[in-house]
Every structure is written in C-alpha cells, then in structure tokens.
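Some notes on the structure that comes next.
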Amino acid sequence: MAASKLQAFWNHPAGPKTIHFWAPTFKWVISIANVADFSKPPEKISYPQQTAVTFTGLIWSRYSMVIIPKNWNLFSVNVAMAGTGLYQLTRKIKHDYFSEMEAAVAKE
C-alpha cells in the first residue's frame, strides 16, 4: 500500500522527477525568509519587496489551480508567500501611518 502511494508520488507529472516539484520546493525559502523577517523592525520593511512577494503569491496561487495537473506544492508555497507578504505589509502600514496617530493620542 505505502509502496504504491510512493510510486504514484514518484511518477506523478508534478512529482520529484520534474522541475514542477523542485521549483516550488525551493521557493519555500522565500516564505521562510519572510517569516524570519517578522522580528525585523517595521521601518526596515520594503514596500516594493513585500508587494512583489504578495502579488506573486496571489497570482501564482490562482495559476497553480488552473493548470493540469494541479500542483498542490506550488499552490501551498504561493499561499504562504501571499500570507507572509500581506502580514509584512500590514506591519509596515501600521508603523508608518498608525503609530503616529497613537503617539499623538498618547500625548493628549
């Protein structure tokens, strides 16, 4: 049973014998790096970089669901990219636009 599932995975059109497996697998490094940057101060976050990460994740998530065969590895890594990019953008926006308001309210 396990051997047949392993063989099916190995021979899948998006399995480990193809670039369709390895490209998204290595793309996880981008999401992991973005998670590691959660501790980075918000003033060091780049709007262009995080916007690119977010939109890349959104666009390729959609693409991974319309291609045949469906590439769940590609889908999951791009959902992670979109999520981490959105989180970083939220942190940056809060810092740039709302921390000033909070400081002004605190002075009053």
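Numbering starts at 1 and runs along the sequence shown.
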Item checked: Step-by-step side-chain contact (heavy atoms from CB on, under 4.5 Å) determination, Trp72 to Ser64 -> CA-CA 7 Å; Trp72 293 103; Ser64 68; over 6 Å; no
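- For Trp28 against Ala80, the heavy-atom pair with the smallest separation is CZ3-CB, 3.5 Å.
- Between Met81 and Gly57, the closest heavy-atom pair is CB-CA, 4.1 Å.
- Under the 3.5 Å distance criterion, with hydrogens and angles disregarded, a donor-acceptor pair is assigned to the side chains of Asn78 and Lys27.
- Between Pro24 and Trp60, every side-chain heavy-atom pair lies at or beyond the 4.5 Å cut-off.
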Next item on the list: Evaluate the side-chain contact (heavy atoms from CB on, under 4.5 Å) criterion for residues Ile45 and Asp37: first the C-alpha distance (whole Å), next the side-chain angles of each, then the deciding distance (0.1 Å), finally the verdict.
Entry: CA-CA 9 Å; Ile45 295 172; Asp37 285 347; over 6 Å; no
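- In this structure, Lys92 and Glu43 approach most closely via the heavy-atom pair NZ-O, 3.4 Å.
- Using modelled atom types, one finds no donor on one side chain facing an acceptor on the other under 3.5 Å when comparing Asn34 with Tyr87.
- Between the side chain of Thr56 and the main chain of Val53, no donor-acceptor pair closer than 3.5 Å is present.
- For the residue pair Thr84 and Phe38, the shortest heavy atom distance occurs at CG2-CZ, 4.0 Å.
- Figure legend: cation-pi geometry between Lys70 and Phe75 absent, as NZ or CZ is not positioned both under 6.0 Å from the six-membered ring centre and within 45° of its axis.
- With contacts defined as side-chain heavy-atom distances shorter than 4.5 Å, the pair Asn71/Tyr63 does not qualify.
- Two residues are said to be in side-chain contact when any heavy atoms from C-beta on lie closer than 4.5 Å; His20 and Leu74 fail this criterion.
- Summarising the local packing, CZ of Phe55 is surrounded by 12 or fewer heavy atoms from other residues, nucleotides or ligands at distances under 6.0 Å.
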Notebook entry, point to check: Please walk me through it: do Phe21 and Trp10 pass side-chain contact (heavy atoms from CB on, under 4.5 Å)?
Noted result: CA-CA 10 Å; Phe21 174 81; Trp10 183 256; over 6 Å; no
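- Using modelled atom types, one side-chain atom of Arg91 and one backbone atom of Lys40 make a donor-acceptor pair closer than 3.5 Å.
- In the displayed structure, Lys17 atom NZ is contacted under 6.0 Å by more than 12 heavy atoms of other residues, nucleotides or ligands.
- Closest of all the heavy-atom pairs between Asn73 and Ser76 is O-OG, 3.0 Å.
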